Protein chains: 2
Amino acid sequence: MTVSKTAEKIAEKSGDATKGRKDATEAQPEALQLGELSEQLGYVLKRAQLKVFENFLRCMASLQLTPAQFSVLLLVEKNPGRNQTEVASTLGILRPNFVAMLDNLESRDLCARIRSTNDRRSHILVLTDKGKAVLTRAKKLVATKHEARLNDLLGQANREALIGMLSKIANEF
Amino acid sequence: MTVSKTAEKIAEKSGDATKGRKDATEAQPEALQLGELSEQLGYVLKRAQLKVFENFLRCMASLQLTPAQFSVLLLVEKNPGRNQTEVASTLGILRPNFVAMLDNLESRDLCARIRSTNDRRSHILVLTDKGKAVLTRAKKLVATKHEARLNDLLGQANREALIGMLSKIANEF
DNA sequence: GATATTTGATATGGTCAATAACAATTATCA
DNA sequence: TGATAATTGTTATTGACCATATCAAATATC
C-alpha cells in the first residue's frame, strides 16, 4: 500500500509537464544544499551510526538481536561470572535500564542470572547453551553480512583505520 | 531452567579474583575484557558518537544549542525560504517531530515561520537577525572548541579521511 | 466543481536514558 | 559485637526522541 502510493506520486510528478513549473526540465523540487553540515563531525557521525545500526538489524533479523543485545552476549561470553553492575557499566548502560534488557535475554533462554554464593546480593551472568549457539550464529552473520560490507566499501586498510580512529575518539575525546 | 554445572562453578569462583586481591591499599575489581566488541563497527561508532555529542553540548553550553538545533540553523541559513517539510526531511526529521523543534527555535527568536504567498499552506523558514548572530557565534565555538579537538587528536589529514569515510557510510551503506 | 494531495499541526505510543527510592545483603568501624 | 553505611538488583517515574495515524486548511488534479 505504501509502495503503490509512492509509485503513484512519482508517476504523477514525473508525468505532468503542463503545470507552471519554475523550471520545465526539473520536475522534482531541488534538493537543499547541505553546506557546512557535510563537514560537521557530529552530523556525519550520527548519520553513519544510524545507517550502520539499520543495516545491523537487517542482518540480524533472523536472530532478532539488537546491537545492544549483541554487545551484552559478546561481553558475557568473554567475561563469564561477572554481575549485572559490572556488565552494564562496561557497556555504558545504567543498572536500572539493564534489568529489562536481561529479562528479555533470559526469557529467550540466551543468558541466565545466577545468585552468587560469595555475595548473595549479586547475580552472576552466564550464557546458556542456546545463548552460546545463537551468539556463534550471530557472529557469523555480522562478519559475513555486516562487517564485510565495510571492506567492500572502504577496503581493508581504511576499515581498520576507521575503527582505530573511532576508538580513539570514544576513549580520548 | 537448565543451568550447566560449569555455571555453578563460575558462581563460586566469581568472587575469588577480587577477594583474594583485597590488600590494605586499594581493591579495584578488574575491568572487563571488551574482546571482539572493540572491533565491532556499530559499537565503536555509537560510543564515538555519544562522546562527540557530549562534547558538542559542553562547547555550546553558553548558546544552549543541541546538535540537532545547530543543524537546523545551518541548513536554514544555507537554504533560506524553504518550508518545514523540506528542511525536516533533509535532516531526517519527521514533520510532526519538527514542529516542537521549530516552536523552540522560534520562541527564542532564532528563526521565523513566514506564511508563503505562493502556497499558503506552507511556512517559509528564515533566520532572524538574532538567529544569524547566534549561528555565527556557534560556528566559531564549534570550530575552535569542538572540531579543533579532532585535529589535536587525529591530525588534519586523518580528520579529513575520517569525515570522508563516515560520509561514504552515511550515503552508501 | 468534485476529489485527491500536500502542509503544518495534534495526539499518541514506543523505545531509551536518567534519577530517586526500596529491600536484601554485605561492609565498616566505634 | 552491634549500629551505621554502602552495594546490588529492582521498581517507579520522568523526559527526550522516534514513529504512526489523523485533522483542517490550502492546493492540485481531472
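These numbers come from the heavy atoms of this one structure, side chains and all, not from hydrogens, waters or symmetry mates. These numbers were taken from a predicted model, which means no experiment stands behind them.
When each of A:Pro96 and A:Thr66 is assigned the nucleotide of DNA chain C with its nearest heavy atom, A:Thr66 is the one assigned upstream, toward the 5' end. Each of B:Asn97 and B:Arg115 was matched to the nucleotide of DNA chain C holding its nearest heavy atom; the match closer to the 5' end belongs to B:Arg115.
Note: B:Phe56 and B:His146 have perpendicular aromatic rings, judged against thresholds of 30 and 60 degrees for the angle between ring planes.
To the nearest angstrom, P of D:dA26 lies 10 Å from NE2 of B:His123. When the C1' atom of C:dA17 is taken as reference, atom CD of B:Glu54 falls 13 Å away, rounded to whole Å. For the pair B:Leu125 CG and C:dT7 P, the interatomic distance rounds to 13 Å; values are reported in whole Å.
Remark: B:Arg120 is not in phosphate contact with C:dT6, judged by side-chain N or O atoms under 4.0 Å from OP1 or OP2. Residue A:Thr85 places none of its side-chain N or O atoms closer than 4.0 Å to OP1 or OP2 of D:dT7. Of the side-chain N and O atoms in B:Arg113, none sit less than 4.0 angstrom from OP1 or OP2 of C:dT7.
In this structure a side-chain-to-backbone donor-acceptor pair under 3.5 Å is missing from B:Asn79 to B:Arg82.
For A:Leu94, the listed nucleotide lying nearest its side chain is C:dT19; candidates were C:dT25, D:dT10, C:dT19. Of the candidates D:dT27, C:dA9, D:dG9, D:dT27 carries the atom nearest the B:Asp119 side chain, counting heavy atoms from C-beta on. Side-chain proximity of B:Arg121 to C:dG8, C:dT26, D:dA25: nearest is D:dA25. When distances are taken from the side chain of A:Arg95 to each of D:dT27, D:dT10, C:dT10, the shortest belongs to D:dT10.
No option in A:Leu127, A:Leu110, A:Thr128, A:Val76 other than A:Leu110 meets the side chain to side chain contact (heavy atoms under 4.5 Å, CB included) test with A:Leu105.
Atom CZ of A:Arg95 has more than 12 heavy atoms from other residues, nucleotides or ligands within 6.0 Å.
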